[in-house]
Amino acid sequence: MRILVLSDLHANATALTAVLDAARDRWENVVCLGDVVGYGPDPNEVTTTIRRLGARTIRGNHDKAATDLMETNDFNPVAKVAVDWTRSHLSADNLKWLAELPQGPVETDGIVLVHGAFQDEDEYVFTPGQALEGLLDSTAAVTFFGHTHHQGGFSYENVNSSLEVLNIHPRPSESFAPLRIEPQRRYLLNPGSIGQPRDSDPRAAFAIADLEHHLVEFWRVPYDIAEVQARMRSARLPEALVQRLVMGR
Ligand code: ZN
């Protein structure tokens, strides 16, 4: 089964549309690692699209903040403005759906989904040390995580206890970079962010997992960033959030 893996959509409907167009007819099942909303101008459109797709979805910290399941004291001032804007613009029905999203880890179709770390949904996994716990403890050989907005991940080989950082960056001319899944290794993989990439590539990121064929594809697709920025400015979302989309930072 080919599984479309979406994460950190952040209310960016233009990026999500570009992703779904690029992935059309390439997947049979779809999962979502959270942060459906927050930062972007289209919280209702993106939430409705994810609901319509029937994506198996876990909550992210922005979904929790927008639905008052989490304090925003730890959010920076710009992120907090976006949380409050998002909360006031979401429909009652979409707010309810977001508030009821389950917490990761969730196991489905032979993979495990988490938003942040395996043991803590709000923790960022940037380093091999932070990744190790999840690589060892996850109930599946392949676990997908989000939260950092960095495409790539880590793998671990049991016999020699070797932990490898997977630097996966589809070139500007490429749509995707394939990763071969080796049976003796365990994987913690980040599909990257659709709505607000932070790994210096502004293209929307996602992944397609085909474990029967031992393959994960890490995709990047361009989208009309200026169109999203115009909607953000007319919504009076913070200018720092508007500008970072172009830089992919
Ligand atoms: Zn996020």
Side-chain angles (χ1 to χ4, degrees), residues 5-16 19 31-43 45-47 49-50 55-87 89-90 94 98-99 101-106 113-118 120-126 130-131 134 143-153 188-207 218-220 223 225 228 232 237-238 240-245 247-249:
V5 187
L6 311 175
S7 191
D8 296 279
L9 302 92
H10 285 291
N12 184 334
T14 308
L16 178 57
V19 163
V31 299
C32 174
L33 309 178
D35 279 3
V36 177
V37 299
Y39 297 133
D42 317 306
E45 291 85 340
V46 169
T47 304
T49 300
I50 290 299
R56 185 81 189 264
T57 305
I58 57 170
R59 68 188 190 183
N61 52 315
H62 281 261
D63 308 318
K64 285 197 290 179
T67 54
D68 283 320
L69 289 169
M70 177 185 196
E71 296 279 345
T72 50
N73 301 336
D74 289 344
F75 282 55
N76 67 53
V78 163
K80 194 170 168 350
V81 168
V83 165
D84 293 338
W85 183 91
T86 300
R87 187 186 300 117
H89 283 78
L90 276 165
N94 280 335
L98 288 164
L101 286 175
Q103 175 180 353
V106 162
L113 318 177
V114 297
H115 182 67
F118 184 79
D120 179 353
E121 61 180 341
D122 297 325
E123 188 189 322
Y124 290 90
V125 177
F126 280 114
Q130 292 165 328
T143 299
F144 280 95
F145 73 106
H147 199 34
T148 63
H149 301 204
H150 284 227
Q151 193 173 51
L188 195 56
L189 302 176
N190 192 324
S193 168
I194 291 174
Q196 194 201 74
R198 296 177 191 164
D199 51 7
S200 304
D201 185 342
R203 295 178 295 172
F206 66 99
F218 290 85
W219 283 72
R220 295 311 276 243
Y223 69 96
I225 293 174
V228 182
M232 292 176 80
L237 282 159
L241 296 177
V242 177
Q243 295 196 4
R244 70 186 302 176
L245 293 181
M247 297 175 280
R249 301 282 322 164

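Remember, it's 1-based here, ligands and their atoms both numbered in the order they're listed.
Summary: NE2 is the N/O/S atom of H149 found nearest to the Zn ion (ligand 1). When distances from the Zn ion (ligand 1) to the N, O or S atoms of D35 are compared, OD2 comes out shortest. Within D8, the N, O or S atom at minimum distance from the Zn ion (ligand 1) carries the name OD1.
Taking the six-membered ring for Trp and thresholds of 30 and 60 degrees, F126 and H150 have ring planes more than 60 degrees apart, a perpendicular arrangement. Ring geometry for H10 versus Y39: interplanar angle of 30 to 60°, hence tilted.
The Zn ion (ligand 1) has no N, O or S atom of H62 inside 2.8 Å of it.
The neighbour count for N76 CG, taken as heavy atoms of other residues, nucleotides or ligands under 6.0 Å away, is above 12.
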Exercise. List the steps, then state whether salt bridge (Lys or Arg N to Asp or Glu O under 4.0 Å) holds for R220 with D199.
Key: CA-CA 12 Å; R220 295 311 276 243; D199 51 7; 2.9 Å; yes
